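The structure presented is a predicted model; accordingly, all values stated were derived computationally and were not measured. All heavy atoms count here, side chains included; hydrogens, waters and symmetry mates do not.
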Amino acid sequence: MTNPDRLRFDVSLYTVADAARIVDVHPSTLATWVTGYRRTPCNGRPVVGSPTVAATAAERRGEPTIPFVGLAEALVLAAVRRIGVPMQRIRPALEALQQEIGVEHALASRRLFTDGAELLYDFGDRRRGTDEGDRALELVVAQGEQFVFVDLIRDYLWRITYAEDDYASMISVPAYEWADVVADPTRSFGAPIFQRGGARVDDVLERFWSGETLQEVAEEFGVPIEHIEDVVRVTSRRAA
């Protein structure tokens with residue numbers, strides 16, 4: 001692989017907490033996507049979920065374990081979760097979808113965007129009347145003679161830029177309303193940056209929290225004030 005490819009697939013860039021902030025889910029939720037889970041309800045059969053997000057084993061506490069391709073997979077799962085479909089009930093459909101797409105890291109592949117809705121509909125239609133089939137059908141909608149993902153999933157998929165190899169190469173961070181913030185493994189080691197100016201979000205926030213005005217920070221980093229205000233608002237809400 002070329003160096004950019006290695007950054008996307010082989011280099012762990014994010015901790016679970018880092019990735020959770022970027023895709024806007026709780027860290028404990030993303031942790032179950034990374035490690036899988038086993039739950040035993042009272043007087044029930046164990047419920048087992050396999051890992052769905054690419055990650056490596058941590059050698060030391062707090063070190064990054066998730067490569068960029070895993071971040072893209074987590075973004076797709078975050079979209080599914082926001083629809084309200086329980087992950088354990090949609091897992092069979094997602095596993096079948098990845099098998100049908102037929103490539104490694106299918107959730108981070110352009111084929112998910114182009115073919116995924118039709119494949120998911122076929123899965124659900126064959127199992128219509130079952131819980132797993134009906135849940136799969138909740139993710140797609142008819143548009144003319146084709147099936148497409150529901151709006152929320154499409155909105156998230158539009159946030160992914162794909163490289164020539166058809167895998168994710170950049171993500172537009174979904175947490176913000178106005179701020180154009182992206183995660184790009186070839187810049188700042190994948191940390192969220194402002195698209196305008198290229199400054200790391202953490203660097204801009206540090207200067208603002210240290211007492212500089214929005215105007216001063218905006219001029220220093222070349223970032224529109226309204227974008228900084230949006231990031232500050234979201235960060236403050238998370239910290240509350």
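- Contact check for E220 versus E216: no side-chain heavy atoms found under the 4.5 Å cut-off.
- The closest side-chain heavy-atom distance from I22 to Y14 is below 4.5 Å.
- Side chain of S188 to backbone of G190: no donor-acceptor contact under 3.5 angstrom is found.
- Remark: L94 CG to L77 CG distance equals 6.5 Å, nearest 0.5 Å.
- Checked against the 6.0 Å centroid threshold, F68 and F9 do not count as a close aromatic pair.
- A distance of 10.0 Å separates CD in E164 from OG in S169, rounded to the nearest 0.5 Å.
- Side-chain contact between V85 and L139: present, with at least one pair of heavy atoms (C-beta onward) separated by less than 4.5 Å.
- A donor-acceptor pair is defined here as one N or O able to donate and one able to accept, closer than 3.5 Å; no such pair exists between the side chain of D166 and the backbone of S109.
- Between atom CD of residue E132 and atom CZ of residue R91 there is a gap of 13.5 Å, rounded to the nearest 0.5 Å.
- With S236 contributing its side chain and V232 its backbone, the two residues share a donor-acceptor pair below 3.5 Å.
- Residues V76 and L157 form a side-chain contact, since some pair of their non-hydrogen atoms from C-beta on lies under 4.5 Å apart.
- When all heavy atoms of P67 and A55 are compared, the closest pair comes out as CD-CA, 4.1 Å.
- A 4.5 Å side-chain heavy-atom check between P51 and W33 finds every atom pair outside the cut-off.
- Side chains of Y176 and R233: no donor on one and acceptor on the other come within 3.5 Å.
- Looking at V80 and I90, their side chains come closer than 4.5 Å, going by heavy atoms from C-beta outward.
- Taking OH from Y167 and CG from L107, the interatomic distance works out to 10.5 Å, rounded to the nearest 0.5 Å.
- Judged purely by distance below 3.5 Å, without hydrogens or angles, the side chains of T65 and S12 never pair a donor atom with an acceptor atom.
- Residues P174 and R159 have side chains in contact (heavy-atom distance under 4.5 Å, counting atoms from C-beta outward).
- Here the CD atom belonging to E138 is positioned 10.0 Å from the CZ atom belonging to R89, to the nearest 0.5 angstrom.
- Heavy atoms of other residues, nucleotides or ligands lying less than 6.0 angstrom from CH2 of W209 number more than 12.
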Exercise for review: Please report the C-alpha distance between E73 and T52 in whole Å, then the side-chain angles of each, then the deciding distance to 0.1 Å, and finally whether the side chain to side chain contact (heavy atoms under 4.5 Å, CB included) criterion is met.
Suggested key: CA-CA 8 Å; E73 292 169 332; T52 50; over 6 Å; no

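- For Q99 and E95, the side-chain atoms include no donor-acceptor pair closer than 3.5 Å.
- In this structure, Q146 places its CD atom where only 12 or fewer heavy-atom neighbours from other residues, nucleotides or ligands lie under 6.0 Å away.
- More than 12 non-hydrogen atoms from other residues, nucleotides or ligands lie less than 6.0 angstrom from CZ of R110.
- A salt bridge (Lys or Arg N to Asp or Glu O under 4.0 Å) with R82 is found for one member of D155, D151, D24 and no other, namely D24.
- Counted within 6.0 Å of CD on E206, heavy atoms from surrounding residues, nucleotides or ligands total 12 or fewer; the atom is thus considered open.
- Residue D131 is tested with R127, R135, R128 for a salt bridge (Lys or Arg N to Asp or Glu O under 4.0 Å); the sole match is R135.
- A donor-acceptor pair under 3.5 Å links the side-chain atoms of D230 to the main chain of E177, judged by distance alone.
- By the 6.0 Å contact criterion, CZ on R154 is enclosed, its count of non-hydrogen atoms from other residues, nucleotides or ligands being greater than 12.
- To the nearest 0.5 angstrom, M87 atom CE is 7.5 Å from T32 atom OG1.
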